[in-house]
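Chain naming here is simple, since letters A, B, ... match the order of the sequence lines and numbering starts at 1 in each. Below, all heavy atoms of this structure are taken into account, side chains as well, without hydrogens, waters or symmetry copies.
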Amino acid sequence: MTGVTIFVGILIIISAIFAVEAKKMLDSFIALSLMSLLTVFLFVIMKAPDVAITEAAVGAGLATAVLVLALNKMGGDSQ
Amino acid sequence: MVYYIAFILIGVGIYGFLTQKNLFKHLVSLTIVDTAVNIFIISLGYIEGKEAPIYSKYTPIANFVDPLPQALVLTAIVIGVGTLALGASLLIKVYEKYGTLDVEQIATKEAEE
Amino acid sequence: MRRFISIVIVFGLIMFFINTLSLLPKYGSVNISKVSEAYIDKNVNGNGGNVKYNESESLENGAANVVTSIVVDYRSFDTLGEVTVLFTAALGVSLVLNGIRRKKYGRRPNFILRVSVGILLPLIILFGTYIFIHGHLTPGGGFPGGTIIAAGILLLYLSNEEFDLSKTPKFVEGISGSLYIVTGLVGLAIAGVFLINFLPTGIVGDLFSAGIVPIVYILIGFKVGAELSGIVADLHREG
Amino acid sequence: MSALLIIIPLLAGFLFIPFKEKAKYILPLVVITTLIILLLLSPDQTNAMGGWKAPFGIVLVLDSASYYSLLVVNIVFLLISLMPQIVEKGYSVVLLILLASTNGLVLTGDIFNSFVFLEITAVAAYIIAFSRKNPYGAFKYLILGGISGAFYLLGAIYAYIGTGSLNFADISVNIKEGFLPIVALLIFIGIGVESKIFPLAGWVPDVYDSGSPLTPVILGTGVTFTIMYLFGRIFITVFHGYFLDVVFIFGLLTIVLGELAALRQNKLIKALAFSSIAQAGLVLSTISLGGYEAIKFGYFHLLNDISAKLVLFIIAATIAHNFTENKIAGVSFSIASFSLIGFPLFAGFRSKLLILQLAFSKDNYLLPAVVLFATVIEAAYILKWNIKLWHSTNTGEEKQKISWNVNLILLIVALLIIFIGIFPDLYLKMAQNIADGLTNYRAYVTNVLGGM
């Protein structure tokens with residue numbers, strides 16, 4: 001299990017770095033969503049199903065939706 | 001192990017906050033820091049070989065990881081999304097007022113006023 | 001230059017945290033704290049211990065999901081605060097975005113989206129409801145359940161440009177939030193303690209068990225669903 | 001029963017959310033109700049929420065410190081609720097929530113619960129910071145507050161690992177060796193943003209200059225007091241004065257930099273915002289001198305500061321054009337500003353004098369030097385602003401009138417400042433009670449955990 005944990009962890013860090021450094025906002029949000037999804041996986045490995053399901057619904061789903069809606073209101077990725 | 005992941009993620013979040021000029025990225029960094037803290041807290045409750053803290057057919061008697069950190073993280077996640085939504089709506093207003101989300105451009109516009 | 005200084009700061013921060021590792025227990029071999037021990041054995045008031053699924057009866061807390069029993073019973077006051085954070089945030093979103101008019105989309109929503117939402121929406125709502133009704137037995141509960149319902153509402157917004165909830169979320173969240181507090185106040189009236197679990201707790205694992213826990217979690221589900229739907233609705237106006 | 005102080009405003013907030021415009025009528029009633037309940041309660045009681053006893057559940061602790069802090073905070077809210085003109089449309093519900101959360105923050109005896117209330121306070125504060133179209137300041141505040149909140153949470157979780165519980169009393173007794181410095185540092189960063197300490201106070205001037213008088217008034221008085229109470233509760237009652245040396249240094253830096261920045265401002269409200277930072281630094285560094293007297297005088301000065309700031313911020317945000325047309329407000333402003341400098345006969349003089357005497361008696365010359373330096377700078381810009389405002393001939397285009405009830409309240413507070421300057425006993429008694437409650441570790445622990 002440790003191998004999987006490390007692999008997921010590295011993926012999380014990579015997607016976080018991508019979310020921070022991405023040039024386009026939408027890419028950044030997608031990377032953030034990906035990070036959340038991978039975190040869900042990590043939570044499942046660590047035997048926290050309650051947290052995992054909440055993170056999946058809230059962190060990966062709704063948070064991204066909120067960000068994208070806000071971005072849409074500013075006229076997309078133009079800036 | 002997971003500790004290191006959480007610490008590096010906190011670092012990535014703070015780094016993004018310090019270097020990025022787009023305000024949206026600040027919000028993204030904040031979310032990353034929140035997630036990192038959540039991972040850290042959950043990892044502090046994990047015990048190898050034990051099960052998820054739910055009494056069920058498969059675990060009829062207690063053989064559980066620490067449930068309290070999980071309860072705390074549940075709270076923290078919801079607080080995080082509340083802050084995120086409020087931040088996003090503030091950003092819409094920032095964009096409406098200044099026409100940009102770049103920190104430096106906003107600073108020059110502020111100075112002009 | 002800025003980048004370099006930031007890297008130095010971040011590096012220092014990470015080093016600080018890594019230094020604290022010597023104090024922390026090794027990953028995977030944490031000791032369960034005395035508080036969690038009591039929560040798991042449902043033994044805070046000293047008459048629990050050795051809980052067994054489908055057998056133990058009338059414990060101080062009857063929720064099979066220990067995390068739920070902490071969130072909605074042992075540390076219910078935190079959850080009230082947490083719901084309030086979300087409530088305040090939703091209120092803030094509506095205050096901040098106040099005055100933005102709703103604009104119509106330039107083009108009509110996709111046909112596939114419209115049709116599939118009609119099929120999916122009842123399922124999504126049903127799933128969300130299932131999750132928060134079974135919060136005390138299975139993983140999940142009011143927060144994810146409410147969020148799933150809010151996601152359904154978001155789909156409705158995306159598929160139907162005429163759709164508007166207007167003030168419904170505000171009423172639902174106001175009423176469910178008040179009922180949460182009223183549940184607590186009933187405990188205050190009966191036993192003199194706010195938020196006390198005053199109903200019989202039943203057998204661990206039954207649907208009708210755990211006293212006020214499922215009731216409160218359903219209220220939280222409605223409240224969270226309404227709050228997040230409110231946030232989505234406010235953010236979606238104008239489009 | 002102390003839970004009612006949190007529940008009633010919260011319930012009112014929930015009920016009035018669909019009609020948030022109407023909530024302004026209920027706000028004064030709710031605040032008066034909480035004040036009456038508070039006066040009916042007797043100090044020295046703990047309430048276990050849900051009936052779960054101390055280290056397991058959440059307890060609300062009402063001792064002399066929290067009792068008098070609640071009194072101060074609720075009176076501040078009462079004064080603000082009696083001035084509905086300064087509350088923006090629809091913001092009364094936010095104030096109700098803020099009242100609930102500040103009361104909760106003062107009452108709670110649990111570190112994670114205090115994090116939750118801190119977040120409610122913070123979210124309400126972000127909204128208030130936005131008040132009149134000030135999104136950028138509010139956003140900056142939100143990001144800083146969010147990150148510091150994460151640090152607070154980390155501190156709480158380290159305390160949990162080091163103690164096995166989240167209860168303040170339990171942490172103060174049972175924390176394992178080595179955890180204290182980490183927890184203290186993380187918590188200090190965690191409340192650094194709200195308590196306006198030096199490297200984390202950058203948001204203050206942007207936020208206070210929101211254009212609405214509500215923002216600086218509520219954040220600079222009620223919320224500041226609550227956070228300072230929380231600081232005392234954690235660093236004095238829980239950590240027994242550990243880490244205060246570091247806070248002292250940061251406090252001094254905050255004073256110096258805050259005053260220097262205030263001098264350079266050409267906008268009154270920004271100058272006052274920096275002055276507010278500096279005063280927070282002074283309070284923190286006084287408390288950090290250590291010992292009962294220091295804590296007492298620190299809170300005494302805090303009380304003086306928030307009384308003065310209440311008057312100054314309202315006037316600065318509404319009629320800061322000239323005083324010749326608003327003589328009563330002008331007089332109140334001058335009184336409050338003289339108190340801020342520490343002019344003899346005004347309240348601020350009393351507290352600064354006591355602080356200086358105390359520092360000398362402890363052979364600490366650093367604090368007096370900094371305080372005197374700060375006072376000179378403060379006098380310079382306060383006098384400059386007084387002269388400017390009394391002699392300004394520029395009537396300006398926007399003539400804002402100040403209504404009679406605001407004027408009356410400002411005058412009452414100003415008279416109170418003079419009264420305290422002559423008979424300081426009223427405030428000193430309060431500060432003494434707060435210091436009593438904070439320093440009486442043993443009573444706190446037995447109160448919460450029962451006989452140990």
Nearest heavy-atom approach of B:A88 to A:V66 is CB-CG1, 4.0 Å
What are the two closest heavy atoms between B:L84 and A:A63, and how far apart are they?
CD2-CB, 3.4 Å
Tell me, side chain or backbone of [X] under 4.5 Å from chain B's heavy atoms, or both, or neither?
X	value
A:I17	both
A:M46	both
A:I12	both

Compare all side-chain heavy atoms of A:K47 with those of B:E51 and state whether any distance is below 4.5 angstrom.
yes
Decide yes or no for A:K73 and B:E96: does some side-chain heavy atom of the first lie under 4.5 Å from some side-chain heavy atom of the second?
no
Inter-residue atom distance [X].[atom1] - [Y].[atom2], 0.5 Å rounding:
X	Y	atom1	atom2	result
A:L38	B:T35	CG	OG1	11.5 Å
B:L9	A:S15	CG	OG	8.0 Å
A:L71	B:Y95	CG	OH	9.5 Å
A:L69	B:S89	CG	OG	12.0 Å
B:F7	A:I13	CZ	CD1	12.0 Å
B:Y46	A:I45	OH	CD1	8.5 Å

Tell me, side chain or backbone of [X] under 4.5 Å from chain A's heavy atoms, or both, or neither?
X	value
B:Q70	both
B:S43	both
B:V28	both
B:V73	side chain
B:I8	side chain
B:F17	neither

Among B:D34, B:T19, B:I42, which residue forms the greatest number of heavy-atom pairs with chain A at distances under 4.5 Å?
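Between B:D34, B:T19, B:I42, the count favours B:I42.
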So which of B:I32, B:I54, B:N38 has the largest heavy-atom pair count under 4.5 angstrom toward chain A?
B:I32
Between B:K25 and A:V20, is there a donor-acceptor pair closer than 3.5 Å when you use the side chain of the first and the backbone of the second?
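Flag set: sc B:K25 to bb A:V20 pair under 3.5 Å.
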Got more than 12 heavy atoms from elsewhere within 6.0 Å of CZ, A:F41?
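No, CZ of A:F41 has 12 or fewer neighbouring heavy atoms, counting only those of other groups under 6.0 Å.
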